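Notes follow the structure.
Remember, predicted model here, so these are calculated numbers, not experimental data. One is the number of the first residue; the rest follow in order along the sequence. Whatever order the structure lists them in is the order used to number ligands and atoms, beginning at 1.
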Amino acid sequence: MDARQMKIKAAEAALAYVEDGMRLGIGTGSTAEEFVRLLAEKVAGGFRIEGVPTSERTARLCLELGVPLKSLDELPELDLTVDGADEVDRKLRLIKGGGGALLREKIVASASERMIVIADESKVVDVLGAFKLPIEVNPFGQFATRIAIEKVASRLGLTGDIVVRASGDGPFMTDGGHLILDASFGRIPDAEALASELNAIPGVVEHGLFIGIATLAIIAGPSGARVLTAA
Ligand SMILES: O=C(CO)[C@H](O)[C@H](O)COP(=O)(O)O
């Protein structure tokens with residue numbers, strides 16, 4: 001089974017949790033896009049859902065494939081969000097934001113009763129942090145914000161480069177008009193402490209640590225999909 005087939009397997013398994021009439025948060029990234037494709041087939045067959053996309057990219061795909069969309073303001077309470085992740089640990093703590101959509105992803109998932117993560121085995125880790133932690137920051141005062149992040153990291157014993165994410169010739173801009181700083185901290189032994197320290201920095205809009213948000217993960221490997229619940 002190749003990488004794409006594993007993503008499809010995880011997406012298929014997640015679809016079994018989606019019920020007719022649900023208000024559904026729809027994630028961003030290549031795994032979430034497999035989910036959108038499968039969902040679109042069900043919708044074409046008469047299945048009714050109302051979707052809230054977590055990015056402009058996902059919104060475009062949904063519209064192209066006929067998945068009905070609403071804004072989060074129209075549907076501020078959702079039944080379920082299905083989304084990918086860059087890392088997931090055994091307590092279902094996540095790093096997200098590889099696709100730069102972490103702010104909307106976190107808002108949508110937090111407005112949902114449940115969040116199901118879909119991923120392949122390569123995303124499961126013992127300790128978060130091998131994937132660079134995306135931190136979304138306001139462009140205003142970005143250097144001051146970076147210094148504040150470095151100070152917080154150093155207090156927690158974390159070091160490593162913090163780099164502005166690029167896109168083409170310029171910086172990558174999120175759907176909300178912010179920058180992403182990718183922090184190469186390596187292993188993050190206390191994700192809760194880092195999350196709350198980052199939340200306290202005014203220029204930090206959001207960060208990619210999702211703690212206490214995911215309720216279930218569907219992890220696909222070469223022999224099929226398995227369900228991961230918080231240890
Ligand atoms: O957080 C995300 C986007 O902001 C994605 O869900 C994450 O990057 C995983 O993407 P993929 O399924 O392509 O590996």
Side-chain angles (χ1 to χ4, degrees), residues 1-15 24-39 51-62 72 78 80-89 92-112 114-125 128-137 163-167 171-184 188 191 195 198 204-211 213-221 225 228:
M1 205 187 293
D2 67 18
R4 172 148 192 237
Q5 286 167 325
M6 284 195 262
K7 291 174 191 187
I8 294 171
K9 273 272 165 272
E12 268 170 3
L15 207 54
L24 193 63
I26 306 178
T28 297
S30 56
T31 317
E33 283 175 8
E34 298 301 349
F35 175 77
V36 172
R37 289 190 188 96
L38 294 170
L39 181 65
V52 172
T54 53
S55 63
E56 299 300 327
R57 170 178 156 185
T58 294
R60 278 194 296 276
L61 183 65
C62 287
L72 190 60
L78 304 174
L80 173 68
T81 286
V82 178
D83 200 351
D86 300 300
E87 282 189 349
V88 51
D89 75 5
L92 296 188
R93 296 177 297 194
L94 316 173
I95 287 184
K96 285 187 53 57
L102 63 109
L103 174 61
R104 293 190 185 183
E105 289 173 332
K106 199 178 274 190
I107 293 172
V108 169
S110 300
S112 304
R114 286 181 295 151
M115 176 197 192
I116 295 181
V117 175
I118 48 176
D120 62 68
E121 288 285 357
S122 69
K123 308 286 185 72
V124 181
V125 297
L128 297 174
F131 191 88
K132 291 176 190 163
L133 179 67
I135 306 172
E136 185 159 348
V137 302
V163 175
V164 181
R165 189 178 296 181
S167 171
F172 174 90
M173 298 302 287
T174 68
D175 286 344
H178 308 125
L179 302 169
I180 299 274
L181 302 181
D182 287 306
S184 302
I188 303 171
L198 290 174
V204 170
V205 179
E206 199 39 89
H207 54 77
L209 289 167
F210 282 47
I211 297 175
I213 297 177
T215 40
L216 190 106
I218 296 173
I219 306 297
L228 197 67

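- With ligand atoms numbered from 1 in the order given, ligand 1 contributes 1 (O), 2 (C), 4 (O) to contacts under 4.0 Å with heavy atoms of Gly97.
- For Asp182, the salt bridge (Lys or Arg N to Asp or Glu O under 4.0 Å) partners two or more places apart in sequence, or in a different chain, are Arg165.
- Judged by distance alone, the side chain of Glu34 and the main-chain N or O of Thr31 form no donor-acceptor pair under 3.5 Å.
- Look at Gly27 and you'll find every heavy atom at least 4.0 Å from all atoms of ligand 1.
- Thr58 contributes a side-chain N or O that, together with a main-chain N or O of Gly27, makes up a donor-acceptor pair within less than 3.5 Å.
- Of the possible polar contacts, none joining the Ser167 side chain to the Pro171 backbone as a donor-acceptor pair under 3.5 Å is found.
- Of the possible donor and acceptor atoms, one in the side chain of Asp86 sits under 3.5 Å from a partner among the backbone N and O of Gly97.
- Applying the salt bridge (Lys or Arg N to Asp or Glu O under 4.0 Å) test to Glu87 and every residue at least two apart in sequence or in another chain returns nothing.
- Atom numbering of ligand 1 starts at 1 in the shown order; those under 4.0 Å from a heavy atom of Gly100 are 4 (O).
- The protein non-hydrogen atom at the shortest distance from atom 7 (C) of ligand 1 is Asp86 OD1, 3.2 Å.
- Remark: ligand 1 atoms within the under-4.0 Å shell around heavy atoms of Gly98 are 1 (O), 4 (O), 8 (O).
- Not a single N or O atom of Gly29, backbone or side chain, sits closer than 3.5 Å to an N or O atom of ligand 1.
- Inclusion of Gly99 in the set of residues having an N or O under 3.5 Å from an N or O of ligand 1 is warranted.
- Of the listed residues (Arg57, Lys123, Glu33, Arg104), the one carrying the non-hydrogen atom nearest atom 14 (O) of ligand 1 is Lys123.
- Considering only non-hydrogen protein atoms, atom 12 (O) of ligand 1 sits nearest to Thr31 OG1, 2.5 Å.
- Listed by number with element, the atoms of ligand 1 under 4.0 angstrom from any heavy atom of Asp83 are 6 (O).
- Contacts between Pro134 and ligand 1, counted as non-hydrogen atom pairs separated by less than 4.0 Å, are absent for every part of the residue.
- Salt-bridge annotation for Asp83 and Lys96: present, with a side-chain N of the basic residue lying under 4.0 Å from a carboxylate O of the acidic one.
- The closest heavy-atom contact to atom 11 (P) of ligand 1, among the options Ala10, Gly84, Ala11, Ser30, comes from Ser30.
- Evaluated by nearest non-hydrogen atom to atom 3 (C) of ligand 1, the leading choice among Lys106, Lys96, Glu105 is Glu105.
- A donor-acceptor pair is defined here as one N or O able to donate and one able to accept, closer than 3.5 Å; no such pair exists between the side chain of Lys132 and the backbone of Ser184.
- Atoms of ligand 1 found under 4.0 Å from any heavy atom of Ala101 (numbered from 1 in listed order, with element): 4 (O).
- Formation of a donor-acceptor pair under 3.5 Å by the Asp175 side chain with backbone atoms of Ala101 is not found in this model.
- A donor-acceptor contact shorter than 3.5 Å links the side chain of Lys106 to the backbone of Leu209.
- Among protein heavy atoms, the minimum distance from atom 5 (C) of ligand 1 is reached at Thr28 O, 3.2 Å.
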